[in-house]
Amino acid sequence: MTNYFRANIEAMAGYIPSEQPKPNTQIIKLNSNENPYPPSPAAMFVLRNFNGEWLRRYPNPFAQEFRLATSKVLGVPSDWIIVGNGSDEILNIVIRACAEPGRQIVYPVPTYVLYHTLSQIQDADITEISYSEDYRLPLKELVAANGAVTFIASPNSPSGHVVPADDLRELATKLSGVLVIDEAYVDFAEENALGLVTEYENVIAIRTLSKGYSLAGLRLGFGVANPKLLSGLYKVKDSYNIDAIACAVGAAAMTDQAYKNACAAKVKASRTKLATALKQQLGFHVWDSQTNFLLVKPKEGNAEHLYQKLKEQNILVRYFKQPGLDDKLRITVGTDEQNQTLVEALINLKIAN
Ligand SMILES: *Cc1c(COP(=O)(O)O)cnc(C)c1O
């Protein structure tokens, strides 16, 4: 047998992305937390009028146009921002810069599975600490583990809850390593942790244009942190990680806050309606969510069966076959019409059962 790979790569499973059917197939896709609304018209205008001359040259290594747009919107200096090929790349850069065998990566579970995959690739030591049943942060254990990197998704996936600001502040104060606050769903939440970044130099807040801005296909995310922390991350980043198209289109989308906020408001209103329908018409347990998805537990405990039956009807939701989640479904909030189709399909399945 030839050993092409490092032992940790040979041993690991690899990340499995959610199912991605071809565009324009008749599928109601509620499995990847994409936004049901199109990207900003201002962003699409930039895309349509993009000058080919800018493709002939290498792009700006800091995605400066996007950084400036983001700096204006967030009210932080542009040199406090690092831009990534999706926020996944920022997560990867943090791990590559800070972790190695013998250094701990720490996070509460269940959460975004990519933290685990990226840590395995780096061969870092991994400490996973379970959330309580009601998703209270295991604060004492996280502090005691004192990771080289600690990941907290807030709002968290797949639970949908926001980690209380006091808990995040306590972590920022007590941890000697880097605290990553993954705010992928912040556009659907009532609070955020950006303020901690200016107070604590070990904190980085990470955001994305994939969810709130309807641009998952563009691959654009960013981190906000003290330039002292970013200086190490910039050594690890590929020079030209953001292509010229993503930079220009992303800058226009970021500038069009009114459009993003209007879409988020629609999603939040639909989230309330969908939660009510699932509770009242189907008896599901539905966790409170500050995201564009709902974690739900069907009454009869047949989550996997429902996932399969919905898939047969071309409705995709997310099922995680892992302890603590295998009796639940994660359902992305779609348009009211899509959500209604889902609820009707579930009602029919219940009657058929
Ligand atoms: C979707 C998601 C991301 C990845 O976002 P990209 O910018 O598309 O890479 C990161 N973190 C969490 C928790 C997510 O759900």
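Every heavy atom of this structure was used, including side-chain atoms; hydrogens, water molecules and symmetry mates were not. Order of appearance sets the numbers: ligands from 1, and atoms from 1 within every ligand.
- Listed here is the closest heavy atom pair of Ser40 and Asp256: OG-OD2, 2.8 Å.
- At the shortest separation from atom 5 (O) of ligand 1 among protein heavy atoms lies Ser87 OG, 3.0 Å.
- Distances shorter than 4.0 angstrom do not occur between any heavy atom of Asn33 and any atom of ligand 1.
- Under 4.0 Å from ligand 1, the heavy atoms of Lys211 that appear belong solely to its side chain.
- Counting atoms of ligand 1 from 1 in the listed order, those under 4.0 Å from a heavy atom of Ser210 are 6 (P), 7 (O), 8 (O).
- Using a 4.0 Å heavy-atom cutoff, Ala184 is listed among the residues neighbouring ligand 1.
- For the residues Arg219, Glu34, Glu89, the heavy atom positioned nearest atom 9 (O) of ligand 1 is part of Arg219.
- Ring geometry, Tyr234 versus Phe62: the interplanar angle exceeds 60°, so the pair is classed perpendicular (tilted spans 30 to 60°).
- A salt bridge is absent between Arg6 and Glu10: the closest approach of a Lys/Arg side-chain nitrogen to an acidic carboxylate oxygen does not fall below 4.0 angstrom.
- Of all atoms in ligand 1, numbered sequentially from 1 with element shown, those under 4.0 Å from a heavy atom of Thr208 are 5 (O), 6 (P), 7 (O), 8 (O).
- The protein atom (non-hydrogen) at minimum distance from atom 11 (N) of ligand 1 is Asp182 OD2, 2.7 Å.
- Backbone and side-chain nitrogen or oxygen atoms of Asp88 are examined, and one is located within less than 3.5 angstrom of a nitrogen or oxygen of ligand 1.
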Report task. Kindly indicate, with the supporting measurements, whether the criterion side chain to side chain donor-acceptor pair (under 3.5 Å) is fulfilled by Lys260 and Gln257. Result -> CA-CA 5 Å; Lys260 184 265 287 179; Gln257 286 294 302; 3.3 Å; yes
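- Among protein heavy atoms, atom 15 (O) of ligand 1 sits closest to Tyr185 OH, 2.6 Å.
- Using the six-membered ring where Trp is involved, Tyr307 and Tyr319 have ring planes that are parallel, under 30° apart on the 30 and 60° scheme.
- Between the side chain of Asp182 and the backbone N or O of Arg207, no donor-acceptor pair lies under 3.5 Å.
- Counting heavy atoms of neighbouring residues, nucleotides and ligands inside a 6.0 Å radius, atom CD of Glu199 exceeds 12 of them.
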